[in-house]
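Hydrogens, waters and symmetry mates are skipped; everything else that's a heavy atom, side chains included, is used.
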Amino acid sequence: MCKFFRRMVSAAVLLLVSMLLCLPQGNVEAASKAAVHELNYFKSYETQVEGQKVFRIEIGMDREDLEYQVLEKNYLRKQLVLDLKNTRPGKLKKNIKLSSPLAKKITISELEKRHTQVVIDLAGSVTEDLYKVTVAKAEPAKGKPYRLVVDLFAEPQAAPGESFQGVKGRTIVIDPGHGGSDSGAVGPTGLAEKTATLAVSKKVKSLLEASGARVVMTRETDVDVYGPNASDRQELQARVNVGEYTPGANIFVSIHCNAFSNPAAKGMETYYYPSSPRGEQLATYIYNELLKDGGLAGRGVRTANFYVMKHSSMPATLLELAFITNPREEKLLGDDKYQMTLAKAIVRGISHYFGD
Ligand code: ZN
């Protein structure tokens with residue numbers, strides 16, 4: 001939006017300057033016509049970004065400062081739509097087939113004069129963690145013009161040979177701690193607990209689903225579950241309700257990060273409600289896997305009266321993955337690969353709990 005306004009302002013300034021200079025109307029026309037982008041470059045290929053496989057689409061044009069908007073369509077077809085203002089399709093083909101398991105084709109169409117849409121048909125869901133849209137400056141040495149760059153990421157999946165048999169057919173409630181108006185604890189470089197818990201929870205969800213479990217999340221984006229600035233009780237009960245109102249829900253797993261005033265505090269721990277032997281089993285299985293794979297100091301399997309454990313009728317556990325206030329552990333919590341290591345350990349623990 002900011003970009004859009006900036007362009008509006010610069011267009012207005014241009015108009016004003018032209019009027020002050022008493023330029024004939026024709027020149028203003030010419031100036032605004034010249035601002036139209038023409039699409040004239042296309043490339044798609046596989047590459048790596050921070051160790052992750054990426055399918056990249058580059059759409060180049062004859063001039064800079066493209067004004068664009070990204071829209072997600074998840075209804076009949078899964079489509080990522082790039083809405084380009086002041087743009088003409090130029091010499092690009094209207095339909096381009098893509099050779100990627102992530103995306104099938106691209107359709108380029110001029111909706112109205114100087115308003116073009118690029119529609120990418122995706123194989124999977126359109127969610128914000130699976131794509132990234134940026135613009136890149138021209139690189140004349142490489143023969144690349146100014147361009148719009150779309151990176152598509154594969155959904156995280158269990159590594160071949162690693163399936164979690166115990167979770168098949170189970171219904172699992174995952175509760176990413178905090179969210180929305182409640183950041184949770186914040187690390188020394190600014191990583192919010194709500195961000196780390198959601199990132200790990202989403203990976204847990206993908207792994208569970210890949211192994212045949214049904215997963216219900218208390219939240220899937222950065223939101224409050226009850227609503228912004230609710231009381232703790234309202235917010236936590238809303239999370240409990242997600243589990244209670246899910247028919248056949250087997251377990252409730254709440255994911256958090258620890259915090260302490262002393263940045264040296266470190267390690268991982270899991271919790272269960274004192275009178276819940278099955279909660280204790282669940283907390284213990286997950287603890288053992290987190291300890292083995294996460295590599296952090298083990299603080300033990302502990303009891304507590306945490307609201308979400310106390311008020312859930314199913315076996316429940318609350319995980320403190322690491323101390324977000326510890327600089328080293330904050331860095332790990334923000335690392336995509338480490339998040340996946342934790343997610344796999346959690347899912348393996350859940351699978352063991354169900355007898356695998
Ligand atoms: Zn927390």
Side-chain angles (χ1 to χ4, degrees), residues 170-187 191-202 204-205 208 214-261 265 267-287 290 298-325 333 342-343 346-347 349-350 353:
R170 308 290 181 176
T171 300
I172 294 161
V173 183
I174 301 293
D175 174 38
H178 313 278
S181 65
D182 168 22
S183 301
V186 177
L191 178 66
E193 183 183 354
K194 66 175 182 179
T195 308
T197 60
L198 184 61
V200 173
S201 297
K202 280 179 155 179
V204 169
K205 176 180 191 266
L208 285 170
R214 179 175 166 237
V215 179
V216 179
M217 304 270 280
T218 57
R219 66 180 178 99
E220 297 204 51
T221 53
D222 181 17
V223 291
D224 299 86
V225 176
Y226 182 90
N229 307 311
S231 70
D232 282 357
R233 193 194 161 87
Q234 283 171 323
E235 177 63 23
L236 295 171
Q237 186 60 45
R239 288 165 193 261
V240 168
N241 287 347
V242 171
E244 297 303 309
Y245 297 153
T246 298
N250 293 110
I251 56 169
F252 186 98
V253 180
S254 188
I255 298 180
H256 286 254
C257 308
N258 226 331
F260 196 61
S261 50
M268 170 276 304
E269 63 205 9
T270 66
Y271 284 91
Y272 65 96
Y273 188 64
S275 63
S276 170
R278 291 209 291 155
E280 181 180 5
Q281 280 174 20
L282 179 61
T284 306
Y285 278 118
I286 297 176
Y287 179 85
L290 282 173
R299 298 167 60 92
V301 182
R302 302 174 162 201
T303 58
N305 289 328
F306 294 141
Y307 192 98
V308 292
M309 300 188 319
K310 186 174 179 179
H311 295 273
S312 289
S313 62
M314 66 203 77
T317 184
L318 186 143
L319 318 176
E320 296 283 10
L321 299 175
F323 275 80
I324 203 165
T325 43
L333 285 168
L342 295 180
I346 293 166
V347 174
I350 294 173
Y353 167 81

If you compare all heavy atoms of [X] against all heavy atoms of [Y], which two are closest, and at what distance to 0.1 Å?
| X | Y | answer |
| --- | --- | --- |
| A259 | T325 | CA-OG1, 3.5 Å |
| G279 | P315 | N-CB, 4.1 Å |
| I255 | T197 | O-CG2, 3.1 Å |
| G349 | Y285 | O-CB, 3.4 Å |
| D175 | T218 | OD1-OG1, 2.7 Å |
| N258 | E269 | ND2-OE2, 2.8 Å |

Measure the CG-OH distance between L318 and Y272 for me, rounded to the nearest 0.5 Å. 14.0 Å
Quick check for you: to the nearest 0.5 Å, what is the distance between L342 atom CG and I286 atom CD1? 12.0 Å
Result of checking T270, I251, N250 against L282 for side-chain contact (heavy atoms from CB on, under 4.5 Å): I251
More than 12 heavy atoms of other groups within 6.0 Å of [X] [atom1]:
| X | atom1 | answer |
| --- | --- | --- |
| D232 | CG | no |
| Y226 | OH | no |
| R278 | CZ | no |

Donor-acceptor pair, R219 side chain versus H178 backbone, under 3.5 Å? yes
Side-chain donor/acceptor of Y353 to backbone N/O of Q281, under 3.5 Å: no
I'd like to know if E220 pairs up with K205 as an ion pair, taking the criterion as any Lys NZ or Arg NE/NH1/NH2 lying under 4.0 Å from an Asp or Glu carboxylate oxygen. yes
Once side-chain hydrogen bond (donor to acceptor under 3.5 Å, both in side chains) is applied, do any residues pair with Q237, and if so which ones, sequence neighbours excluded? N241, Y307
